[in-house]
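Working notes, beginning with the structure itself.
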Amino acid sequence: MLKRAWILSVCLPALLPAALVRIEVADRGDVLDGKSFAAAGPYERIAGKAYFAVDPNLPANKIVADIAKAPRNADGLVEFSADFYCLKPRDPKHGNRAVLFEVSNRGSKGMLPVFDLGTGAADPRTEQQFGDGFLLEQGYTLVWLGWEFDVPPSPGLLRLYAPAAQGITGLVRSEITVDHREIRQSLGDRGQLAYPVLNPDDPSLTLTIRDHPDGPRRTVARQAWHIERGTHIVMPAGFEPGKIYELVYTSQDPPIVGLGPAAVRDLISFFKYGIEADTILGDHHDFIKQAYGFGVSQSGRFLRTFVYYGFNQDEKGRRVFDGMMVHVAGAGRGSFNHRFAQPSRDGHPFLNTFYPTDIFPFTDLPETDPDTGITDGLLSHATPPAATPKIFYTNTSYEYYGRSASLIHTTIDGSADAPLAPTTRIYLLTGCQHGPSAFPPERGSAQNMANPNNYRWTLRALLVALDRWVKDGTEPPPSRYPGIAYGNLAPLDAVQFPKLPGVQLPTRIQQAWRVDYGEEFRSAGIATIEPPKVGRPFPMRVPQVDADGNETAGIRMPATAVPLATYTGWNLRAAEIGAPDELYSMTGSFIPFARTRAERIKAGDPRLSVEERYAGKRDYLDKVQAAARSLVSGGYLLDRDVPLVVERASAEWDFVMR
């Protein structure tokens, strides 16, 4: 099939009750010129826009914040649209009967780099971008949809086009942190579109500065800064690196942000259950039986929020996602369904603090917060058992330091392990950072080299396990995460990290706090207090380590089971970017062992050297292969990936011993 650009509009009958109204296809063509992927055969690419219209009076849609204030068409429906992208088997009967939907992270596509080990692209077209074709060989129908309204217009990025609640005003809080002195900053988060300031010249606007998230705020003189074009703040003297600036202002006409998860719900429902009309993807309706949601970081928090609000059942009460892989989301949810929400704002140790991200509840099953008396759980809030998906939570070591991950499996007071739902499994990817760094690793703007420990192979194995669990009930690999009962989850000051020369240990980590945005936030999604009132923090716990500083619990990739270095989930900001006692966001540390005994003694390093551990490179690689085979037997690694693991270990040996 020749590549071509064209428009195909598929409309449904006007009176047909369907949330998906039509799909307009702007581009359709073969993947890699018709290359065949194992039993799935050739794939095709479909890109365009999906159009929706929902009844705001249906219970399934009333969960969308402010939907009652959205404009309606002549039929009383709320209309919106979203960018759409799909890679599917050309002949659907050769697929594996499952949709794998990636929740786009700020409009991007990351599924192919994660699972197919590709290079990634907004519109993948090359062999390098498709990597080894793992997902296509598995036969998945791969789907993406824009759900975030504030993604900047850019080729290939996916956006939601949502109506606004006209005439509504409210508070917006913008937080700014820079690593280098800069004069101009957007009021949006890291390139995302900002809510305009309603009155930029208002003399009562107050910009504050503080040294730490929980430190006192100081006011910056009003004449020292001004608002530009309604969406940027300018400070001629420059924003100081390593400080937190904050501006609270009034904006108006907020988009109906919660239509993003509603769009995801209705598109996946369409794939699974079909509609009574002929569509461009109608040939899939007889073959798609399961749907899995995959989300990384922000997108993983989206999935946690998705089930919390009850979006995992469609307008007819049917289950949407049968399984979810919630990756590196920690204990967070996010700003995905409230008034003046900023979906990109997350919650880092030193960035985007006190946004409604790490807020109670944290566990799937209900717990009671003794400070507020509220009893709640992610799965007990609005998701009935029939709509509950099977969930894999995968977190790296970083999430325990920078994303409050321990809260998903400890009691609210941090004194004991919390029970898991029978549909939930939790996996710690031991000794890894948020996303593996490039190899060879570099220090960048942190104090230590970034952590290159590659965990993507394990995610491939877990996806296979999730698919089997959903389809035929095959039990997945047992959960592996640190626990209080096992003595390998501890407060920060109880971690027995070795004293390493030149290595500064963290004394401050990310905290989840009890926050109060006003009486209407929990019930209606309206924040009336910004910045929020801050109460007591929830107790954080982090994984315990061995004599090398490597963690003892979780899924230990051969890099940590047969180590050449200490691999941590934490790293600190370099002095040159300010706040050197704060964690460097999303980054761990790679601290190599000394090569020889003489070198380590000279350096005062208590960890055994490489030569004291292994007889040579061959001995080391044999141990790596044995560790990899052990992971294969447990279901945490695929047999096909053992050679890749050994190859990478060989490169790391050469790097450390260079």
Side-chain angles (χ1 to χ4, degrees), residues 32 35 37-38 40 100 110-121 124 126-140 142 294 296 325 327-328 392 394 396-397 427-441 450-468 477 480 550 554-565 567 588 590 592 614 617-658:
L32 299 181
K35 175 181 177 178
F37 292 91
L100 181 57
M111 192 155 44
L112 294 178
V114 169
F115 291 108
D116 287 22
L117 315 180
T119 55
T126 69
E127 292 275 0
Q128 292 77 16
Q129 291 162 350
F130 279 92
D132 65 3
F134 172 77
L135 291 176
L136 286 72
E137 290 178 356
Q138 296 289 308
Y140 284 105
L142 307 178
F294 172 67
V296 177
M325 287 191 69
H327 181 53
V328 293
F392 283 180
T394 53
T396 71
S397 307
Y427 305 101
L428 164 63
L429 303 169
T430 308
C432 296
Q433 68 177 36
H434 194 68
S437 80
F439 185 81
N451 187 340
N453 196 352
N454 195 341
Y455 56 69
R456 291 183 293 176
W457 302 298
T458 288
L459 294 186
R460 283 152 65 113
L462 291 178
L463 178 61
V464 171
L466 179 63
D467 184 47
R468 292 173 179 167
R480 281 195 181 181
N550 285 317
I555 302 174
R556 306 184 83 200
M557 293 300 294
T560 41
V562 188
L564 294 170
Y567 297 84
F590 175 69
Y614 312 110
K617 184 176 182 179
R618 183 69 266 162
D619 177 46
Y620 165 71
L621 293 180
D622 286 345
K623 289 180 168 61
V624 165
Q625 178 148 314
R629 291 292 177 196
S630 177
L631 290 176
V632 171
S633 65
Y636 304 103
L637 189 67
L638 299 178
D639 186 71
R640 63 180 280 172
D641 289 335
V642 171
L644 298 178
V645 171
V646 174
E647 179 182 4
R648 172 58 178 269
S650 176
E652 292 197 13
W653 173 280
D654 293 341
F655 177 77
V656 170
M657 300 299 286
R658 69 194 188 284

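Residue numbers start at 1 and run along the sequence shown.
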Applying side chain to side chain contact (heavy atoms under 4.5 Å, CB included), can you list everything that pairs with [X], at least two apart in sequence or on another chain?
X	result
N453	C432, N451, M557, A559, T560, Y567
A649	Y620, L621, V624
R648	F439, P452, N454, W457, E652
Q138	F134, Y140, V464

CZ (R640) with more than 12 external heavy atoms under 6.0 Å: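 Yes, because the 6.0 Å sphere around CZ of R640 holds more than 12 heavy atoms from other groups.
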
Looking only at heavy atoms, what is the nearest atom pair of [X] and [Y], with distance?
X	Y	result
P563	Y614	O-OH, 2.7 Å
L112	Q129	CB-O, 3.9 Å
L637	A628	CD2-O, 3.6 Å
A461	G635	CB-O, 3.7 Å
G634	P477	O-CB, 3.5 Å

Step-by-step side chain to side chain contact (heavy atoms under 4.5 Å, CB included) determination, L136 to K35: CA-CA 11 Å; L136 286 72; K35 175 181 177 178; over 6 Å; no

For residues 629-638, which residue pairs qualify under salt bridge (charged side-chain N to carboxylate O under 4.0 Å, His left out), counting only residues two or more places apart or in two chains?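 For residues 629-638, and leaving out neighbouring residues, the salt bridge (charged side-chain N to carboxylate O under 4.0 Å, His left out) pairs sorted by first residue read R629-D639.
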
Suppose we screen for ring-ring contact (aromatic ring centres under 6.0 Å, His included). Which residues come up paired with F392, at least two apart in sequence or across chains?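 Expected list: Y427, W469.
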
Kindly write out the residues that satisfy side-chain hydrogen bond (donor to acceptor under 3.5 Å, both in side chains) with Y455, not counting sequence neighbours, or none if the list is empty.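 With neighbours one apart ignored, the set is H327.
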
Return the set of residues passing side-chain hydrogen bond (donor to acceptor under 3.5 Å, both in side chains) with S630 (not counting sequence neighbours), or none when no residue passes.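 S630: no side-chain hydrogen bond (donor to acceptor under 3.5 Å, both in side chains) contacts found.
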
Report the C-alpha separation of K617 and M657 in whole Å, then their side-chain angles, then the decisive distance to 0.1 Å, and conclude whether the side chain to side chain contact (heavy atoms under 4.5 Å, CB included) test is met. CA-CA 10 Å; K617 184 176 182 179; M657 300 299 286; over 6 Å; no

Under the salt bridge (Lys or Arg N to Asp or Glu O under 4.0 Å) test, residues paired with [X] that sit two or more places apart:
X	answer
R460	D132, D641
E647	none
R618	D622

As a quick check of understanding, evaluate side chain to side chain contact (heavy atoms under 4.5 Å, CB included) for D467 and L100, giving each step before the final call. CA-CA 10 Å; D467 184 47; L100 181 57; over 6 Å; no

Set out, in order, the CA-CA distance, both residues' side-chain angles and the distance that settles salt bridge (charged side-chain N to carboxylate O under 4.0 Å, His left out) for R658 and D654, then state yes or no. CA-CA 6 Å; R658 69 194 188 284; D654 293 341; over 6 Å; no

Going by ring pair (Phe, Tyr, Trp, His ring centres under 6.0 Å), name the pairs with one or both residues in residues 631-650, residues two or more places apart or in two chains.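 Listed by first then second residue: nothing to list.
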
Stepwise, does the side chain to side chain contact (heavy atoms under 4.5 Å, CB included) test hold for L564 with F655? CA-CA 10 Å; L564 294 170; F655 177 77; over 6 Å; no

